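Working notes for the structure below.
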Protein chains: 2
Amino acid sequence: MKLSSQEEYGLRCLLQVARLDQGSPVPISDVAQREGLSTDYVAKLMRVLRQHELVVSVRGPQGGYKLARPAEDITVHDAVVALDGPLYDGGFCEAHSGKQVSCVHSTRCSLRGLWRWVGSALEQALAGITLADLMRGESFVDSALPPLPASALAEVTP
Amino acid sequence: MKLSSQEEYGLRCLLQVARLDQGSPVPISDVAQREGLSTDYVAKLMRVLRQHELVVSVRGPQGGYKLARPAEDITVHDAVVALDGPLYDGGFCEAHSGKQVSCVHSTRCSLRGLWRWVGSALEQALAGITLADLMRGESFVDSALPPLPASALAEVTP
DNA sequence: GCTAATCTTGACTCTTTCGTACAGATAGAT
DNA sequence: ATCTATCTGTACGAAAGAGTCAAGATTAGC
């Protein structure tokens with residue numbers, strides 16, 4: 001339940017491409033310098049983003065990366081899924097059933113419902129934030145996000 | 001942004017202790033059998049839970065584990081923090097600043113605000129669900145949780 | 001064509017996480 | 001006292017994640 005490094009850095013790099021993209025492609029070296037990361041590492045991250053079609057690459061001199069779609073059309077959820085897979089796998093119960101053949105909790109798996117709910121809530125939230133939103137700076141995020149999106153829960157589970 | 005195995009299994013084991021605890025301590029072997037895990041692995045997980053004072057142990061024959069507090073007073077957030085640390089570290093920006101001495105994003109770190117918001121929303125949500133809630137079975141979780149706690153976001157970021 | 005800037009790829013090392021193994025400590029039952 | 005059921009701690013290897021490295025492929029500009 002933590003951010004992976006790949007998510008954090010990958011999203012930062014994607015954001016740098018979004019910021020720096022003024023028509024001409026953004027080279028890896030620029031992104032690396034601005035983030036204080038090695039060019040090799042940024043290259044690896046950009047590859048993941050490219051393979052998930054969030055950016056496109058241009059090879060050769062004056063080459064680099066560009067967003068595959070407008071910043072308004074790329075959500076944080078898109079990036080997180082590209083960099084670390086879906087939030088809630090769905091196959092978790094099956095994959096993590098221990099030594100039993102099928103999920104030991106098939107009958108009363110209260111956790112499955114919980115994680116599914118957490119996952120979809122998170123997905124909804126992150127799918128509502130685009131790169132364009134993030135480019136407006138930290139103050140936007142602070143002020144625009146509802147303070148307690150899950151507070152409704154308090155009414156339900158006293 | 002995924003559940004660690006330790007979180008998933010640790011929470012399951014904790015839940016088993018909560019379910020089976022009828023006055024006498026629950027031995028590791030019982031939990032292991034019900035979860036289809038090795039006793040050694042369950043022992044390791046229970047140790048983590050004990051060190052974070054979510055359960056207490058009783059040694060010797062007829063020994064085992066008991067909840068340290070009533071199931072109503074142990075939240076999913078308590079368990080997640082015990083098993084995997086706090087959701088949003090706060091020191092992430094500092095720890096993951098790449099090769100620079102200080103966070104490259106100190107001025108316009110839009111991500112920091114985002115993760116802080118995600119972390120606290122998640123924390124609020126998970127702190128509202130107790131072991132007692134989970135013991136009521138999957139149907140409770142499905143019906144009791146608000147369908148889209150973060151849907152308010154749609155109004156803010158069109 | 002040649003060169004240089006740039007992306008592409010696979011392999012490699014280091015660290016962390018996962019899960020197992022085993023020897024030791026405690027305490028109830030006899 | 002001894003036995004046995006139970007927890008405790010440390011150590012270990014395998015797997016996954018993090019980050020680096022080096023050789024190769026592409027293309028703009030000359």
Side-chain angles (χ1 to χ4, degrees), chain A residues 1-13 17 20-21 24-33 35-52 54-66 68 80 83-85 89 92 95-100, chain B residues 1-13 17 20-21 24-33 35-66 68 83-85 89 92 95-100:
Chain A
M1 220 61 186
K2 289 182 171 305
L3 274 183
S4 68
S5 290
Q6 186 157 292
E7 281 173 293
E8 172 76 14
Y9 291 141
L11 185 47
R12 285 188 184 184
C13 291
V17 171
L20 299 175
D21 184 350
S24 55
V26 181
I28 286 176
S29 54
D30 282 17
V31 175
Q33 189 185 352
E35 290 296 334
L37 301 172
S38 76
T39 57
D40 281 317
Y41 190 27
V42 173
K44 188 176 204 173
L45 296 170
M46 294 309 298
R47 174 160 42 146
V48 175
L49 293 172
R50 174 176 53 82
Q51 287 169 335
H52 286 82
L54 296 183
V55 296
V56 293
S57 65
V58 180
R59 294 169 75 147
Q62 318 307 320
Y65 287 93
K66 303 168 65 72
V80 164
L83 293 162
D84 210 41
D89 208 325
F92 198 89
H96 295 73
S97 54
K99 286 177 172 165
Q100 313 282 339
Chain B
M1 219 62 185
K2 288 184 172 303
L3 274 184
S4 69
S5 291
Q6 187 158 290
E7 281 174 292
E8 172 76 16
Y9 291 141
L11 185 47
R12 284 188 185 184
C13 291
V17 171
L20 300 175
D21 184 350
S24 55
V26 182
I28 285 177
S29 54
D30 282 17
V31 174
Q33 189 184 352
E35 290 296 334
L37 301 172
S38 75
T39 57
D40 279 319
Y41 190 26
V42 173
K44 188 176 205 171
L45 296 171
M46 293 310 298
R47 174 154 52 127
V48 175
L49 294 171
R50 173 175 54 81
Q51 286 169 335
H52 286 82
E53 301 178 329
L54 296 183
V55 297
V56 293
S57 65
V58 180
R59 294 169 75 145
Q62 317 307 320
Y65 286 92
K66 303 166 66 73
L83 293 162
D84 211 40
D89 210 324
F92 199 89
H96 294 73
S97 52
K99 287 176 171 165
Q100 315 282 339

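A, B, ... follow the sequence lines: proteins, then strands. Residue 1 opens every chain. These numbers come from a predicted model, not from an experiment. Side-chain atoms are counted along with the backbone in the values below, which use heavy atoms only and exclude waters and symmetry mates.
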Spacing of [X] atom [atom1] relative to [N] atom [atom2], expressed in whole Å:
X	N	atom1	atom2	value
A:K66	C:dT6	NZ	P	15 Å
B:L3	C:dT17	CG	P	15 Å
A:M46	D:dT20	CE	P	17 Å
A:R50	C:dC7	CZ	C1'	8 Å
B:D30	D:dC7	CG	C1'	14 Å
B:I28	D:dG9	CD1	C1'	12 Å
A:E7	D:dA18	CD	P	9 Å
A:D84	D:dA16	CG	P	14 Å

Are OP1 or OP2 of [N] and a side-chain N or O of [X] less than 4.0 angstrom apart?
X	N	result
B:S38	C:dT20	yes
A:Y9	D:dG17	no
B:S5	C:dG19	yes

Need one value for B:G63: base, sugar-phosphate or nothing, where a base atom within 4.0 Å counts as base even if backbone is also close, heavy atoms only. sugar-phosphate
Remember a base hit wins even if backbone is also touched, and classify A:R47 as base, sugar-phosphate or nothing at under 4.0 Å, heavy atoms. base
List the atom of A:Y65, the atom of A:R47, and the distance in Å for their closest heavy-atom pair. OH-N, 4.4 Å
Nearest heavy-atom neighbours spanning A:V56 and A:A68: CG1-CB, 4.1 Å
Could a donor-acceptor pair under 3.5 angstrom be found where the side chain of A:R59 meets the base of C:dA5? no
Taking the side chain of [X] as heavy atoms from C-beta outward, which of [options] is closest to it?
X	options	result
A:S57	D:dA18, C:dC18, C:dT8	C:dT8
B:D40	C:dC7, C:dC22, D:dG19	C:dC22
A:Y41	D:dC7, C:dC18, D:dT20	D:dT20
A:P61	D:dT4, D:dA28, C:dT8	D:dA28

By nearest heavy atom, map A:Q62 and A:K44 onto DNA chain D; which one lands nearer the 5' end? A:K44
Under the side chain to side chain contact (heavy atoms under 4.5 Å, CB included) criterion, do A:V48 and A:Q6 qualify, and how do the steps go? CA-CA 10 Å; A:V48 175; A:Q6 186 157 292; 4.2 Å; yes
Test log, rule side chain to side chain contact (heavy atoms under 4.5 Å, CB included), inputs B:V17 and B:M46: CA-CA 10 Å; B:V17 171; B:M46 293 310 298; 3.7 Å; yes
Any donor and acceptor pair, going by atom type alone, linking the side chain of B:E7 with main-chain N or O of B:L83 inside 3.5 Å? no
